[in-house]
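In this chain, numbering begins with 1 at the start of the sequence shown. Small disclaimer: the values here were computed from a predicted structure and weren't measured.
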Amino acid sequence: MKPAILWLHASACAAFAVLVLRVDPAEGRGLAVAFIGLALCFAIAPWRLSWAPLLRVLAWLQVGLLAAGVLLLLLAATIGGGFNLSPELQTPAWLAGVMLFSSALSAWALSPSKSAE
């Protein structure tokens, strides 16, 4: 298990929660609480080895959902023949890309290590 990778993903989850609260403080509370919970779980994961299988499933689920979201965002940005991503969506798009990458790395870091035989 690689603690630095898990802490990177925990930081990305916390940053996403802050971004959600900045965009819509009233409606985004539930989503922000969910991402803060994920951030805490991934930050504590190096000391709670029993959580690894559940967190690995959550990380792969995040990879799938974020990939679908980023693809839909890119598809929507190309409608009309050009690539037009509004400035308001650039920060969430970059953060989603970072979270996609860190989710995949976290899932890899949480996979069971093969013992050398």
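- Expressed to the nearest 0.5 Å, how far CG of Asp24 lies from CG of Leu19 amounts to 11.5 Å.
- Of all non-hydrogen atoms in Ala17 and Ala32, the two that sit nearest each other are CB-O, 3.6 Å.
- Taken to the nearest 0.5 Å, the CD1 atom of Ile36 stands 8.5 Å off from the SG atom of Cys13.
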Report the C-alpha distance between Ile5 and Ser102 in whole Å, list the side-chain angles of each, state the deciding distance to 0.1 Å, and finish with yes or no for side chain to side chain contact (heavy atoms under 4.5 Å, CB included).
CA-CA 7 Å; Ile5 293 172; Ser102 69; over 6 Å; no
Please walk me through it: do Phe35 and Leu21 pass side chain to side chain contact (heavy atoms under 4.5 Å, CB included)?
CA-CA 11 Å; Phe35 274 99; Leu21 284 176; over 6 Å; no
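- Taking each heavy atom of Leu73 and Ala93 in turn, the nearest pair found is CD2-CB, 3.5 Å.
- What you find for Ala45 and Leu55 is that their closest heavy atoms are CB-CD1, 3.5 Å.
- At a threshold of 4.5 Å between side-chain heavy atoms, the hydrophobic network of Ile, Leu, Val, Met, Phe, Trp and Tyr places Trp60 and Met99 in one connected group.
- Summarising the geometry, atom CG belonging to Leu61 is positioned 9.5 Å from atom OG belonging to Ser103; distances are rounded to the nearest 0.5 Å.
- Side chain of Trp7 to backbone of Ala43: a donor-acceptor contact under 3.5 angstrom is found.
- If you chain together hydrophobic residues whose side chains sit under 4.5 Å apart, Val98 and Leu65 never meet in one group.
- Cluster annotation: Leu95 is connected to Leu66 through the hydrophobic network of ILVMFWY side chains, with a link wherever side-chain heavy atoms come within less than 4.5 Å.
- Residues Leu6 and Pro46 form a side-chain contact, since some pair of their non-hydrogen atoms from C-beta on lies under 4.5 Å apart.
- Between Arg56 and Pro112 there is a side-chain heavy-atom pair separated by less than 4.5 Å.
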Start with the C-alpha gap between Leu38 and Gln62, add the side-chain angles, then the distance that decides, and say whether side chain to side chain contact (heavy atoms under 4.5 Å, CB included) holds.
CA-CA 11 Å; Leu38 279 173; Gln62 275 187 322; 3.3 Å; yes
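- With His9 as the fixed residue, the ring-ring contact (aromatic ring centres under 6.0 Å, His included) test singles out one of Phe101, Trp108, Phe16, Phe42: Phe42.
- Interatomic distance, Leu110 CG to Leu54 CG, rounded to the nearest 0.5 Å: 10.0 Å.
- Considering OG1 of Thr78 and CG of Leu74, their distance stands at 7.5 Å, rounded to 0.5 Å.
- Counting non-hydrogen atoms of neighbouring residues, nucleotides and ligands closer than 6.0 angstrom, the CD atom of Glu27 reaches no more than 12 such neighbours.
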